Amino acid sequence: MTRQANLKQLDNAQIANILSEMAVLYAMHHVEFKPRAYEKAAESVAAFHEDIGILYKREGIVGLQKIPGVGKGIAFHIEQLLTKGSFEEYRELKAKTPVQIEELMAVEGVGPQTISMLWERLKIKNLNDLEKAARAGKIQKLPGFGKKSQEKILRGIEFLQQTGGRKPLGIALHHARELEIAVVKFKEVRKVAIAGSLRRRKETIGDVDLLICTDKPEKVTEQFLALPSVRHVFGKGTTKINVRLRNGLEVDVRVIPEESWGAALNYFTGSKAHNVALRKIAIKKGYKMNEYGLFKGKKMVAGKTEKEIYEKLEMSYMEPELREDTGEIDAAIREFHGEKPWLPKLIGYSDLKGDLQVQTDWTDGKNSIEEMALAAEQMGLEYIAITDHTKSLAMTNGTDEEKLLRQMKEIDTLNAKLRLQGKKVCILKGAEVNILKDGSLDIADEVLSQLDVVGAAVHTHFNLSLSEQTARVVAAMKNPHVDILFHPTGRLINKRKPIELDMEVVIAKAKETKTILEINASPERLDLKDNFIRRCVERGARMVIDSDAHAMEQYAFLPLGIAQARRGWAEKKDILNTFSLKEFLSQLK
DNA sequence: GCCGTTTTCGGCCCGACTGTTTTCAGTCG
């Protein structure tokens, strides 16, 4: 079993990056069909629910071929990546074109053919070279290029340097909704909708797709371009405009006629993979499908609503969060024909009854326990757990045993006061206990046993090896007082990588020890992320969705967590804080 | 290179817009 030994530490994201580089390299050399094959494989690897290295250790090359879009050829390449860190074709192609593909591709408007030309003619290898060449006016002299292409490249580089490309869901959603409100006020606008990855609630957003339904496209585009929030116009046509807002967000606007509303909504919501799969099915059934509708010959047979399109294709309606071509279409077809397993009945956006991670001014929160409780009641919650940080997290003024006991008394007093005032919200005694390097906790069991709910979390030693980190977290889950594992992978979106954790083991142990895994809804965390949530659902491990609020207004994070749960195919029953207080408490250890 | 309600061979989604052209390639979603 040579494959057991000496695996290079390549994670899914790194493998996906190399496969996607292969796609570009083949495209640069005008190889047909391979680019799409590699790109598809890269997407599945990036979204795969398990660490591919672990999958390979367990099941070998045959296991790798279980990844959608990965056949014999690419499985072999992945094996090479895992065992040797590279593979022949990759080395050869890189030798021919030794350029920084990922950073060049990130520039808006730059694709494989441009990169190829830049290398051949100007020996441009990276973003730095590109910027210099553009500033020196060398790009506009290339065949097929001109002054405008050169300026576009410079703007693209500037944008990348400012933003790093993608914005967290929470921020993009907020800005997009403001825009939606502004547009809906235009007189000639009949309907507005946010589409794209934002409608699917992906954790980060490249740009906003805004659909506008109107009979007067010229007038509406004119009004839109005159909005004070529009800073720069990249392009405008009769049905499509592309702008950058003052807040840095890039927006694609499509103007849609009423009869095509559903087709356009479907088309621009994506994902691309979901669309491609739908269109293939449409073709098989003798239709043609585009953003204007579903057509039999020249006759439009559906398009006004998404539902009627799906029905014509003999599938049930799929919620936007499911549309990633990861099994939802098969499930929708089965459901339409009355066969199981059906699509999940996703947890709804108003299904949460509690929040199990709330910090207060006892540590690093902004508001008092009482303020947080009253705000929770306003949000329609029935219970919250106060989970201030514990002592080993010195920078947050963490609580020790003595302080925790005092806080418990205060919570008793407050609960009594709230009852007298006729309030319904109940405050649970909790803590966000630190998991120390060896998996033990920084608060004594005797005190933990007096709390209603105990959350444990990793806040230090992020760099342990896979086996050490997994063992550490499992040890904490085995503690009979630990009810919830908070933000299990510790990642910060666009800032900090997740800790090395064997999630298959963590999920199995969570089930075994009756430890709940948290979906932390804080916009910078969204941890667990969607693919792990889906794995928990499949394995029957239980979860909660928490805001991790450090201030009253942060309960508004909860819908972001619900969105991730929906992307992970979670139903109400999978998320324990959809239960009433009594039911919830009965589920704890 | 992948994949199968047309298939183990022969296909592989579709349209808008831009820039530099004068009929189209490249990029994007």
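Being a predicted model, the structure only gives us computed values, none of them experimental.
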* Asked: Considering the options E328(A), E324(A), E321(A), which one meets the salt bridge (Lys or Arg N to Asp or Glu O under 4.0 Å) requirement together with R200(A)?
  -> E324(A)
* Rounded to whole angstrom, note down the P distance from dA16(B) over to dT21(B). => 24 Å
* Short side-chain N/O contact to dC14(B) OP1/OP2 from Y287(A), under 4.0 Å -> no
* To do: Could you state the atom-to-atom distance from NZ of K152(A) to P of dT27(B) in whole Å?
  => 10 Å
* In whole angstrom, give the distance that lies between atom NE2 of H274(A) and atom P of dG29(B). => 19 Å
* Atom CD1 of I153(A) and atom P of dT20(B): how far apart are they, to the nearest Å? -> 10 Å
* Base, sugar-phosphate, or nothing: which does E32(A) touch, judged by heavy atoms less than 4.0 Å apart? -> nothing
* Asked: With the threshold set at 4.0 Å, does a side-chain nitrogen-carboxylate oxygen contact exist between E43(A) and K40(A)?
  -> no
* Structure fact -> I519(A) and G561(A) have their tightest heavy-atom pair at CG2-O, 3.9 Å
* Asked: Which part of the nucleic acid, if any, lies within contact of F234(A), taking any heavy atom under 4.0 Å across all strands shown: a base, the sugar-phosphate backbone alone, or nothing?
  -> nothing
* Kindly say whether the aromatic ring centers of Y38(A) and Y26(A) come within a distance under 6.0 Å. => yes
* Looking for any heavy atom pair under 4.0 Å, which part of the strands does N275(A) touch: base, sugar-phosphate only, or nothing? -> nothing
* 5′-ward residue of the pair Q113(A)/V70(A) relative to DNA chain B -> V70(A)
* Asked: When the C1' atoms of dC24(B) and dT20(B) are considered, how many whole Å apart are they?
  -> 9 Å
* Asked: If you look at every strand shown and take non-hydrogen atoms under 4.0 Å, does K72(A) touch a base, only sugar-phosphate, or nothing?
  -> sugar-phosphate
* Asked: Just checking, K307(A) and Y317(A): is the charged tip under 6.0 Å from the six-membered ring centre and within 45° of the axis?
  -> no
* Pi stacking test for F145(A) and dT20(B): under 5.5 Å apart, planes under 30° -> no
* Round to a whole Å and report the spacing from CZ of R36(A) to P of dG10(B). => 20 Å
* To do: Using the C1' atom on both, measure dC12(B) against dT8(B) and round to a whole Å.
  => 16 Å
* Asked: According to a strict under-4.0 Å criterion, is T239(A) in side-chain N/O contact with OP1 or OP2 of dC17(B)?
  -> yes
* Asked: Checking all strands, does Y26(A) fall into the base, sugar-phosphate, or nothing category for heavy-atom contacts under 4.0 angstrom?
  -> nothing
* With heavy atoms under 4.0 Å as the rule, sort F268(A) into base, sugar-phosphate or nothing. => nothing
* Asked: Considering only the C1' atoms, how many Å lie between dC9(B) and dC17(B), rounded to the nearest integer?
  -> 37 Å
* Asked: Roughly how many Å is it from CG in N242(A) to P in dC17(B), rounded to a whole number?
  -> 11 Å
* **F532(A) CZ to R535(A) CZ distance, which is reported to the nearest 0.5 Å** => 10.5 Å
* **Distance, rounded to the nearest Å, where M315(A) contributes CE and dT5(B) contributes P** => 13 Å
* Asked: Is K148(A) touching bases, backbone alone, or none of the nucleic acid, heavy atoms closer than 4.0 Å?
  -> sugar-phosphate
* Structure fact -> Testing dC2(B), dC28(B), dC17(B) for proximity to the side chain of T238(A), the answer is dC17(B)
* Asked: Quick check: does any side chain N or O of T97(A) sit under 3.5 Å from a backbone N or O of K94(A), one acting as donor and the other as acceptor?
  -> no
* Give the rounded distance in Å between these two atoms: CD of E151(A) and P of dT18(B). => 15 Å
* Asked: P atom, dT22(B) versus dC14(B): distance in rounded Å?
  -> 29 Å
* Ionic contact status for E222(A) with K216(A), cut-off 4.0 Å -> no
* Remember a base hit wins even if backbone is also touched, and classify K40(A) as base, sugar-phosphate or nothing at under 4.0 Å, heavy atoms. => nothing
* Asked: What is the distance, rounded to the nearest whole Å, between atom CZ of R200(A) and atom P of dG29(B)?
  -> 12 Å
* N290(A) vs dG15(B): side-chain N/O to OP1/OP2 distance below 4.0 Å -> yes
* Asked: Hey, which of these two, P112(A) or G144(A), hits DNA chain B nearer its 5' end, going by closest nucleotide?
  -> G144(A)
* Can you tell which of dG29(B), dC2(B), dC17(B) lies closest to the side chain of K240(A)? -> dC17(B)
* With sugar-phosphate meaning primed atoms plus P, OP1 and OP2, does I283(A) contact a base, only sugar-phosphate, or nothing at under 4.0 Å between heavy atoms? -> sugar-phosphate
* **Distance, P atom - from dT6(B) to dG11(B), rounded to whole angstrom** => 15 Å
* Asked: What about Y267(A): does its side chain form a donor-acceptor pair under 3.5 Å with the base of dG29(B)?
  -> yes
* Go through dG29(B), dC17(B), dT27(B) for me and flag the one nearest to the T114(A) side chain. => dT27(B)
* Under 3.5 Å on both distances, the Watson-Crick or G-U partner of dT8(B) -> none
* Scan S271(A) against the nucleic acid and name what it touches under 4.0 Å (heavy atoms): base, sugar-phosphate only, or nothing. => nothing
* Asked: Quantified in whole Å, what is the P atom distance between nucleotide dG15(B) and nucleotide dG10(B)?
  -> 27 Å
* Would you classify D252(A) as touching base, sugar-phosphate or nothing, given that sugar-phosphate means primed atoms plus P, OP1 and OP2, and contacts are heavy atoms under 4.0 Å? => sugar-phosphate
* Selection from dC12(B), dG29(B), dT6(B) that lies nearest to any side-chain heavy atom of K284(A) -> dT6(B)
* Sugar-phosphate only, base, or nothing, as touched by P35(A) at under 4.0 Å among non-hydrogen atoms -> nothing
